[in-house]
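These numbers were taken from a predicted model, which means no experiment stands behind them. Whatever order the structure lists them in is the order used to number ligands and atoms, beginning at 1.
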Amino acid sequence: MLTAYDYPTALAIDQAGIDSILVGDSLGMVVLGYENTLPVTMQDMLHHCRAVARGARYALLVGDMPFMSYQADVADAVRNAGRFLQEGGMDAVKLEGGRERVEAIRAIVGAGIPVMGHLGLTPQSVNQFGGFLAQGKTASAARQLLEDAFLLEQAGCFSIVLESVPDRLAELVSRRLGIPTIGIGAGAGCDGQVLVTHDLLGLFDRFTPRFVKKYADFYEKMGAAFDAFKADVEGRAFPSKEHTFSISEDEWRQFLAEVE
Ligand code: KIV
């Protein structure tokens, strides 16, 4: 699984045969420039979901429910989840949290909407965690995460993202659950892996989490392309003949006769 927020990225991920695309609320940070994911709205999410849905044909499309679209009220959670399918073109939704989300998950699944859970470092709770910190690192936190995973499975989740948790814990949870786990910063023992595409491509300028493998340095490449464009325009090397339209001699002479 990889994240996408726009048409061309979705197209490329789909063509690469990646099973699933997450329109993550990480778009708040890597595309919209916010400090965290909390300011992201339903409108933001649906706008980007539609663009991704236009680019992807084969991948399972999962839309990330933004902060406060499912926490306050179960009926609201169902309605907002429905909008991801009806207006956003998604196949499923993802939401963050454990036992405190069971009621909302049951109701959304009850409405016929597949739900992916998300445990461990759930970025919408960053203020409660005191930062983007790894979770499940004590015996009691690990036990609580395992219990939460069982509860999400029983509530009807078809899969669970495990983010920034110790590899041994993620592997044990993955073995014990009947549904697949998708890891990010959770080691190789999960059933699948997800990364934020902008991290993988080296497109996010601010920081690279330790668990990210950078497969390209697009930020640097982008800068080099912009420098080259600027130099070409200033040096009159661009546009050249091949990038330019022409008008026939006859038409040009006629035009000049009319305007001179
Ligand atoms: O928003 C997102 O991109 C996510 C992934 C990090 C799993 O939730």
Side-chain angles (χ1 to χ4, degrees), residues 1-6 9-10 13 18-42 44-49 51-52 56 59-71 80-81 84 88 90-98 101 105 114-126 129 131-136 145 148-149 152 157-165 170 173-174 179-187 190-201 203-204 206-215:
M1 180 184 234
L2 284 174
T3 65
Y5 319 103
D6 58 35
T9 313
I13 293 174
I18 307 270
D19 294 322
S20 182
I21 296 177
L22 171 67
V23 185
D25 66 349
S26 51
L27 74 86
M29 297 174 74
V30 301
V31 174
L32 303 179
Y34 294 129
E35 282 300 307
N36 54 46
T37 59
L38 302 182
V40 176
T41 63
M42 277 295 297
D44 293 331
M45 291 306 303
L46 292 175
H47 174 76
H48 288 275
C49 283
V52 166
L60 176 79
L61 302 182
V62 182
D64 212 2
M65 296 193 72
F67 183 54
M68 292 319 292
S69 69
Y70 59 92
Q71 286 94 338
N80 284 325
F84 274 89
M90 297 289 102
D91 302 311
V93 297
K94 176 172 84 58
L95 56 83
E96 299 181 4
R101 300 288 162 246
I105 292 168
V115 177
M116 177 177 268
H118 186 159
L119 294 172
L121 170 52
T122 44
Q124 291 173 19
S125 304
V126 63
F129 296 144
F132 293 101
L133 304 170
Q135 301 296 308
L145 190 140
D148 280 345
L152 294 196
C157 283
F158 72 91
S159 172
I160 299 176
V161 168
L162 297 176
E163 178 165 355
S164 296
V165 298
V173 171
S174 305
I179 56 174
T181 60
I182 310 292
I184 174 162
C190 294
D191 300 298
Q193 297 291 328
V194 59
L195 280 179
V196 170
T197 291
H198 283 54
D199 290 337
L200 173 155
L201 293 178
L203 255 177
F204 186 52
R206 264 183 265 152
F207 61 89
T208 306
R210 169 179 156 183
F211 53 75
V212 168
K213 180 169 174 183
K214 253 195 194 184
Y215 287 84

What short N/O contacts, under 3.5 Å, does ligand 1 make with the protein, listed by atom pair and distance?
unit_1   : atom_1 : unit_2 : atom_2 : d
ligand 1 : 1 (O)  : D25    : N      : 3.2
ligand 1 : 1 (O)  : D25    : OD1    : 3.0
ligand 1 : 1 (O)  : S26    : N      : 3.0
ligand 1 : 1 (O)  : S26    : OG     : 3.3
ligand 1 : 1 (O)  : D64    : OD2    : 3.1
ligand 1 : 3 (O)  : S26    : OG     : 2.6
ligand 1 : 8 (O)  : K94    : NZ     : 3.0

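A heavy-atom distance below 4.5 Å is found between the side chains of V62 and S20. Contact annotation: the side chain of M29 never approaches that of V40 to less than 4.5 Å [non-hydrogen atoms, C-beta and beyond].
T208 and D199 share no side-chain donor-acceptor pair at under 3.5 Å.
For Y5, the side chain to side chain donor-acceptor pair (under 3.5 Å) partners two or more places apart in sequence, or in a different chain, are T3, S26.
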Can you give each donor-acceptor pair under 3.5 Å made by side-chain atoms of residues 158-165, sequence neighbours left out, with the distance rounded to 0.1 Å?
unit_1 : atom_1 : unit_2 : atom_2 : d
S159   : OG     : P180   : O      : 3.0
E163   : OE1    : H118   : NE2    : 2.9

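Counting only residues at least two apart or in different chains, salt bridge (Lys or Arg N to Asp or Glu O under 4.0 Å) contacts with residues 18-27 are absent.
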